[in-house]
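Excluded from the calculations below are hydrogen atoms, water molecules and symmetry mates; all remaining heavy atoms, backbone and side chain alike, are included. Residues take their numbers from the sequence shown, with the count starting at 1. Atoms within each ligand, like the ligands themselves, are counted from 1 in listed order.
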Amino acid sequence: MAKDNNKYDASKIQILKGLEGVRKRPAMYIGSTDVHGLHHLLVEIVDNSVDEAIAGFCDSITITLNADGSVTVLDNGRGMPVDIHPETKTPAVEAIMTMLHAGGKFDDGAYKTSGGLHGVGMKATNALSEWMETTIYKDGYEYHQRYEKGKKASELKKVGKTDKRGTMHTFKPDPEIFKETQRFELDRILRLVRPHAFLTAKLHFTLIDNRLEDSDKPLVYELYFEEGVKSYVQFMNINEKPIGEPFYIHGQMDDIDVEVAMQYNLGLDEEIHAYTNNIHNPEGGTHLSGFKSALTLAVNSYAESQGMLKGLKGKLTGEDVREGLFAVVSVKVVDPQFEGQTKIKLNNPEVKSAVLKVVREGLETYFAEDPKSAKAIIGKAVLSNKARAAAKAARDAVVRKGALEGGGLPGKLADCSSKDPAESELFLVEGVSAGGSAKQGRDRRTQAILPLRGKIINAQKYRVDRILANSEINDIVTALGIGIGDSIDLSKLRYHKLIIMADADVDGLHIATLILTLLFRYFRPLIEAGYVYVAQPPLFKVEVGKAKHYLVNEQEKDEFVAQLEAKGKSYTVHRFKGLGEMNPSQLRDTTMAPDKRVLKKVEIEDAAEAEKVFEMLMGLEVPPRRKFIQSHARKATLDV
Ligand code: 0RA
């Protein structure tokens, strides 16, 4: 790879200290010792190789899961330094791997990925591994050293000649530290590695599973994206209907490298992922605000020049121009300043002007060269501007109605008699017959029933005005009586449990998903307050003599039946087709009575994912995203 070797030598390594502290308080260095912490060991090692790639010295990284539970990370970079450090009198690699504060100014003049919560990086992995071996291919020779629990277990040895170049680390997580699990998960690793592959164009990642657990040949995944973040945007937008061609710009200003890709889709969501040196910044920062300003400015100036703003009140707002946008903003900064230890937000002020300039110029060129895409994008923003006004009117109407009429209740609602929200529950019940059984089986004092009979529209896809026109949703909104969207007033809530009760089949899951999507988008405070639950109706009834046992899923039923078989008891199994098939007392005893039922509290992540998860699980077709992964990340088996 063409680039000067920033000459590095051991003299740049400072102060030394042992790694016992890391073993005493592993969570301080890797976050936790559960499955997340375990994978963090790997992240630390991979990040160093990625840094070498970002610096331009490496274009291939291979991660191998070995049969003995260890992992190997191999790169074709410059190879870690092996020369003797004047102070420690040890090879530099030994100091880097075993001495807590021997940082080594690896990073001088280079972009750095996260590489360790407190800059401890590879040392933490070494300290928390039963053993670790490092092999370096450098200047014609191969070197090797072994460590155990972070301590040197062999001298660095020159083991022979080689024409290879790079660094290879193999480590086995220490079971004394990772008591819960020491098993690496392919899916998790793919998820950790994929953004690096997207964000570092032309870097080849190979992931090999040699454990041979589910197949008799190694599994091999390759991730390689010729067009970097542009591929990322196409990947994320694959489930959507795209508008216009993707926009891509890569430029520099001063020492800041700016890479942006974006594409619009027909949806309403805005999703912008911001990265600094491949580190995700969930709360954005100066790069994100530079991007947003550039977009709003460029769209408005093009729209104005084309006379497309006529009939609007003022200009297009940021919200208008970001509706249905998916974008990736990736910057490389030598000295990134983050807010907080977790790097959630980038603070360097100079990054804002760099991104603003690069993106604004890029967009102006893009609009000028591709007027068809430009008009489609601006047409969408203009529509969004008008629709936002209509939606606001509809939302205001709900609030007014609630205030004026004291929130008249929907006719279908069988309300409870208690006026104490803390003990009151509202069941949203799918289906006419189930609604009937629920009304008869309920505790009238504390349990209210709202049967839902028609189709609930997908709140993900429409604005408030359309949502409120759907009669089922309108009933839910009226029954809750707390407003909608930004105007929610939780103090008006009459039920502190909102329980979604749907069949345990595909249709039921779909309806539950649609309700969750509505709540997530328009009633999020309810979920955040922990007021939303999903009932778990049983799928099976097993009768043993006169006793009835209800089981919620196939697995529980099988286990129960196996026990009966073992004891030689006879039994009958009944599978419920739906809630409606249960009589009121069955429904009460299995799903509604507080002392007998099983409720699952909905976490905010569940609701956020509901829609996507449903489509992934239930889609009859191969989900488009998966298709894309398969065609872009070759999955093959190797004969070794
Ligand atoms: C700084 C200087 C040099 C190599 C590296 C960092 C390096 C570290 C890691 C960790 C994993 N893979 C790596 N690849 C490279 C050497 C500079 C020189 O001696 O020319």
Is the distance between the ring centroids of Phe198 and Phe235 less than 6.0 Å?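 Centroid distance Phe198-Phe235: below 6.0 Å, so yes.
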Run the ring pair (Phe, Tyr, Trp, His ring centres under 6.0 Å) test against Tyr264 and tell me which residues pass, sequence neighbours left out.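 Ring pair (Phe, Tyr, Trp, His ring centres under 6.0 Å) list for Tyr264, sorted by chain: empty.
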Which residue in the set Val358, Val260, Leu295, Val299 passes side chain to side chain contact (heavy atoms under 4.5 Å, CB included) when paired with Leu363?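 Of the listed residues Val358, Val260, Leu295, Val299, the side chain to side chain contact (heavy atoms under 4.5 Å, CB included) partner of Leu363 is Leu295.
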Options Met122, Met80, Lys138, ranked by nearest heavy atom to atom 18 (C) of ligand 1, top entry: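 Answer by nearest heavy atom: Lys138.
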Shortest heavy-atom approach to atom 3 (C) of ligand 1 - which of Ala53, Pro81, Ala92, Gly121: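 The nearest heavy atom belongs to Pro81.
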Examine distances only and state if a side-chain atom of Asp254 and a backbone atom of Ile256 form a donor-acceptor pair shorter than 3.5 Å.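 No: the side chain of Asp254 does not pair with the backbone of Ile256.
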What atoms of ligand 1 come within less than 4.0 Å of a heavy atom belonging to Asn48?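 Those atoms are 10 (C), 11 (C).
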Got an N/O contact under 3.5 Å between Asp75 and ligand 1?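 Yes, there is a polar N/O contact under 3.5 Å.
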For ring pair (Phe, Tyr, Trp, His ring centres under 6.0 Å), just list the numbers for His273 and Phe326, CA-CA rounded to whole Å, side-chain angles, deciding distance to a tenth of an Å, and then say yes or no. CA-CA 8 Å; His273 295 201; Phe326 183 84; 5.2 Å; yes
Can you tell me if Gly166 has a non-hydrogen atom under 4.0 Å from ligand 1?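 No, Gly166 has no heavy atom closer than 4.0 Å to ligand 1.
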